[in-house]
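One structure is given below, encoded as structure tokens.
Every chain is numbered from 1, with letters handed out A, B, ... down the list of sequences.
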There are 2 protein chains.
Amino acid sequence: MKRQTTLKDVAKAAGVHVSTASRALDPKNRHLITPEAVQRILDVSQQLGYRHNAAAAALRTARSRMIGVVVPDIANPIFPPIIRGIEDSLAQIGYLAIIGNTDNDPVREKSLALKLQERGVDGFILASVELQDDTVAKLAEDGIPIVTVNRRSSNENVSSVVHDDDEGIRRVLTHLASLGHRRIANIAGPQRLSTGADRYAAFERHRKALGLAEEVDLVTFAKGYTESEGERCVEELLVRRQDFSAIVCANDRLAIGAIESLARRGIKCPQGHFDYRLQRYADGRSPETAPDDDPDRTIQHRVPSRRAVDEDDRQRRG
Amino acid sequence: MKRQTTLKDVAKAAGVHVSTASRALDPKNRHLITPEAVQRILDVSQQLGYRHNAAAAALRTARSRMIGVVVPDIANPIFPPIIRGIEDSLAQIGYLAIIGNTDNDPVREKSLALKLQERGVDGFILASVELQDDTVAKLAEDGIPIVTVNRRSSNENVSSVVHDDDEGIRRVLTHLASLGHRRIANIAGPQRLSTGADRYAAFERHRKALGLAEEVDLVTFAKGYTESEGERCVEELLVRRQDFSAIVCANDRLAIGAIESLARRGIKCPQGHFDYRLQRYADGRSPETAPDDDPDRTIQHRVPSRRAVDEDDRQRRG
DNA sequence: CTGAAAGCGCTAACAT
DNA sequence: ATGTTAGCGCTTTCAG
């Protein structure tokens with residue numbers, strides 16, 4: 001690996017000072033240099049195969065143009081499309097996403113955040129947060145920009161982009177009610193996660209609003225979003241009672257586990273889930289998907305930006 | 001964001017020189033320093049919340065401890081587990097993976113590789129390569145370490161980790177032959193990709209070896225690994241002839257497209273694919289999976305390491 | 001519009 | 001065993 005061409009090499013070859021070369025190569029500062037010089041420098045840098053040294057720039061400017069993206073597990077299929085979107089958006093503005101996995105372990109999340117900070121990331125996008133999250137607290141304290149995705153933090157100073165869980169659960173319950181279901185069980189998610197808490201709260205709210213049966217033992221709580229927890233929760237519900245006709249699961253993995261478990265007991269759900277799968281496969285779409293508006297609805301919780309806050313401060317002081 | 005604690009701060013607080021602090025903090029050089037000094041420096045750095053500045057170290061050492069990982073599309077479900085494995089393995093040795101997507105576009109691959117080089121990655125793992133790949137050629141020329149995964153490059157100097165496609169196809173054909181199939185069609189993958197070329201070659205080889213029908217028009221080539229190409233290829237096969245009883249598809253997405261297309265025409269495959277799916281689902285495993293050894297077999301094509309090559313050179317010259 | 005100069009934080013000869 | 005020294009390649013005041 002031969003020595004890299006540096007700015008100095010380019011400058012010398014173009015007969016200018018390094019600082020001039022630096023400015024010419026930076027679109028933001030190009031206007032400071034005469035067009036002819038810019039052209040010459042561009043040509044020379046092309047010719048010599050000059051490549052910007054990001055580490056040097058990062059050291060000098062204290063900005064890396066990298067964003068840390070922290071997810072529980074990239075192999076969980078809900079994340080790759082999210083990550084892809086993040087990467088593509090960041091790439092457009094010259095930023096790079098650095099992905100890390102936590103396996104939902106707060107200890108790993110913390111050490112990962114530290115590693116990424118050492119790498120100099122300019123900010124974090126966190127998909128792994130719990131409502132009360134030490135790492136978020138620490139990072140926020142450091143003043144490093146954070147946005148959470150998919151899950152909220154309870155920290156009021158952290159922005160987030162999440163689904164409209166209340167509306168989603170409302171639609172699910174409304175749909176089930178319209179099919180005639182009156183006793184609807186709920187396999188709720190972990191309550192330390194915003195998705196668990198929000199969907200459970202929405203379930204209670206809309207169950208009431210729709211005048212459905214409100215027995216406490218129709219609700220059970222999963223300890224994690226896993227298929228095996230879905231199975232366990234179904235068993236638990238069935239031990240308690242047998243008179244519900246539908247189950248709302250807090251997420252897909254719980255639902256998969258629930259369906260497996262029901263199938264093993266010979267309980268068809270819904271209307272025999274194999275028929276359901278068959279029809280879905282043949283049609284290319286679910287027979288139960290109501291034609292509805294805005295299926296991808298998300299909510300953005302925005303916190304005033306740092307700059308805005310600083311200006312507020314300044315005005316207050318001024 | 002308050003100013004970071006630097007090595008200098010730690011050194012001053014511990015009453016030693018920066019270089020001493022640097023050595024004490026580096027496990028590899030710790031032994032050079034007296035245990036008491038190490039302890040003191042460790043304590044102080046902890047106390048001050050010192051964080052290693054990776055950009056500065058990278059600039060100084062010209063090694064970033066980052067590896068560029070280039071895949072066609074992280075949202076394609078075959079890649080996340082591969083990436084996860086790469087990330088975990090790299091993390092163990094203090095390295096970081098940086099993921100990039102190419103969408104199978106050689107132009108994007110090239111510009112991505114450049115960006116990652118500017119970021120100073122120490123090497124590349126490429127899952128996106130074609131047999132003849134400009135980017136691989138350029139990178140190899142630069143002398144930057146490369147390994148390809150999932151696909152081979154035709155470049156003899158590049159190591160790769162790939163499936164044993166020949167053995168895989170052999171098992172598929174042997175299995176189909178044992179079920180009585182004699183006219184077996186093949187939806188082959190793109191021949192510019194090693195997976196396409198290798199699986200097609202294996203198909204021809206083992207079809208011959210097993211004494212199966214060898215008509216040319218039983219083979220059709222997909223232009224890409226997509227479901228729609230799978231559909232198109234089935235249509236093409238059916239236009240040509242109707243007397244084959246099985247199809248070997250070069251990958252899963254082609255197979256999905258093929259099955260869709262067959263289903264639309266009312267052709268059951270295999271023995272009615274819905275039955276197949278149903279049974280698979282109920283059992284938790286495919287009824288056609290023969291109990292076989294080593295299901296995850298991969299092949300590693302190793303190229304002598306740079307060091308080894310250098311030593312060879314030296315010996316030859318010496 | 002361009003040049004000079006300083007220094008980001010770290011590591012690694014080299015010297016003691 | 002520790003300190004001295006010299007940059008890595010870049011950006012950015014400050015001068016001219």
Side-chain angles (χ1 to χ4, degrees), chain A residues 1-42 44-45 48-66 94 117-122, chain B residues 1-42 44-45 48-66 94 117-122:
Chain A
M1 223 174 334
K2 53 208 161 198
R3 195 182 131 280
Q4 271 298 316
T5 310
T6 78
L7 246 196
K8 206 156 79 179
D9 301 328
V10 172
K12 193 184 300 179
V16 295
H17 195 264
V18 272
S19 61
T20 309
S22 173
R23 288 188 267 251
L25 258 18
D26 178 1
K28 250 187 76 184
N29 290 122
R30 241 207 268 304
H31 67 276
L32 297 170
I33 311 294
T34 51
E36 305 83 59
V38 169
Q39 198 46 249
R40 191 153 29 95
I41 292 164
L42 253 35
V44 168
S45 85
L48 300 185
Y50 169 73
R51 284 199 288 264
H52 185 82
N53 183 324
L59 175 57
R60 172 67 230 237
T61 61
R63 325 190 88 266
S64 64
R65 309 202 128 242
M66 300 189 302
Q117 273 192 291
E118 294 192 336
R119 297 287 184 170
V121 297
D122 295 339
Chain B
M1 223 173 337
K2 53 207 162 201
R3 194 183 131 282
Q4 271 299 315
T5 310
T6 77
L7 205 49
K8 205 156 82 180
D9 301 328
V10 173
K12 194 184 300 180
V16 295
H17 194 266
V18 270
S19 61
T20 310
S22 173
R23 290 188 265 251
L25 258 18
D26 178 1
K28 249 186 78 183
N29 290 122
R30 241 208 265 305
H31 68 277
L32 297 169
I33 311 293
T34 52
E36 305 83 59
V38 169
Q39 198 46 249
R40 192 154 26 94
I41 292 165
L42 252 35
V44 168
S45 85
L48 300 184
Y50 168 74
R51 283 199 289 263
H52 183 82
N53 182 323
L59 175 58
R60 173 64 229 235
T61 61
R63 326 191 86 266
S64 64
R65 309 203 127 242
M66 300 190 301
Q117 273 191 293
E118 294 192 336
R119 297 289 184 169
V121 295
D122 295 339

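- Over its full length, the helix from C:dC1-D:dG16 to C:dT16-D:dA1 turns its helical axis through 30°, comparing axes from the five pairs at each end and rounding to 10°.
- Between B:Asn53 atom CG and C:dC10 atom P the separation is 5 Å, expressed in whole Å.
- Look at CD on A:Gln4: it is 9 Å from P on D:dC10, rounded to the nearest Å.
- We find the CG-OG distance between B:Asp9 and B:Ser45 to be 11.5 Å, quoted to the nearest 0.5 Å.
- One interatomic measurement links the two molecules: NZ of A:Lys8 to C1' of D:dG9, which rounds to 9 Å at whole-angstrom precision.
- We find that NE2 of A:His52 is positioned 17 Å from P of D:dC8, with the value rounded to whole Å.
- Under the rule for a side-chain hydrogen bond (donor to acceptor under 3.5 Å, both in side chains), B:Arg60 has no partner lying at least two apart in sequence or in another chain.
- Taking atom CD of A:Glu118 as the reference point, atom P of C:dG9 lies 15 Å away to the nearest angstrom.
- Taking a 4.0 Å limit (strictly below) on heavy-atom distances, residues 12-30 of chain B reaches DNA chain D at B:Val16, B:His17, B:Ser19, B:Thr20, B:Arg23.
- Qualifying side-chain contact (heavy atoms from CB on, under 4.5 Å) partners for A:Lys8, counting only residues two or more places apart in sequence or in other chains: A:Thr6, A:Val18.
- Shown here are the side-chain contact (heavy atoms from CB on, under 4.5 Å) partners of A:Arg51, two or more places apart in sequence or in another chain: A:Gln4, B:Leu114, B:Gln117, B:Glu118, B:Asp142.
- The residue B:Leu59 sits close to a base: some heavy atom pair falls under 4.0 Å.
- Counting only heavy atoms from C-beta outward, the side chains of A:Asp26 and A:Arg23 never approach each other to under 4.5 Å.
- One N or O on the side chain of B:His17 and one on the backbone of B:Ser19 form a donor-acceptor pair closer than 3.5 Å.
- Remark on DNA chain C: of its neighbouring residues B:Ala57 and A:Leu32, the 5'-side contact belongs to A:Leu32, judged by nearest-heavy-atom nucleotide.
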Show your working on side chain to side chain contact (heavy atoms under 4.5 Å, CB included) between B:Tyr50 and B:Leu25 and close with a plain yes or no.
CA-CA 10 Å; B:Tyr50 168 74; B:Leu25 258 18; 3.8 Å; yes
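- Between the CG atom of B:Leu7 and the P atom of C:dC8 there is a distance of 13 Å, given to the nearest Å.
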Extract all donor-acceptor atom pairs below 3.5 Å that involve side chains of residues 27-42 of chain A and protein atoms in other chains or at least two apart in sequence.
from    : atom 1 : to      : atom 2 : distance (Å)
A:Arg30 : NH1    : A:Ala24 : O      : 2.6
A:His31 : ND1    : A:Lys28 : O      : 3.3
A:Arg40 : NH1    : A:Ala14 : O      : 2.4

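- When distances are taken from the side chain of B:Thr34 to each of C:dC10, C:dT2, D:dA1, the shortest belongs to D:dA1.
- Taken from CZ in B:Arg65 to CG in B:Asp122, the straight-line distance is 8.0 Å, to the nearest 0.5 Å.
- One interatomic measurement links the two molecules: CZ of B:Arg63 to C1' of C:dT11, which rounds to 14 Å at whole-angstrom precision.
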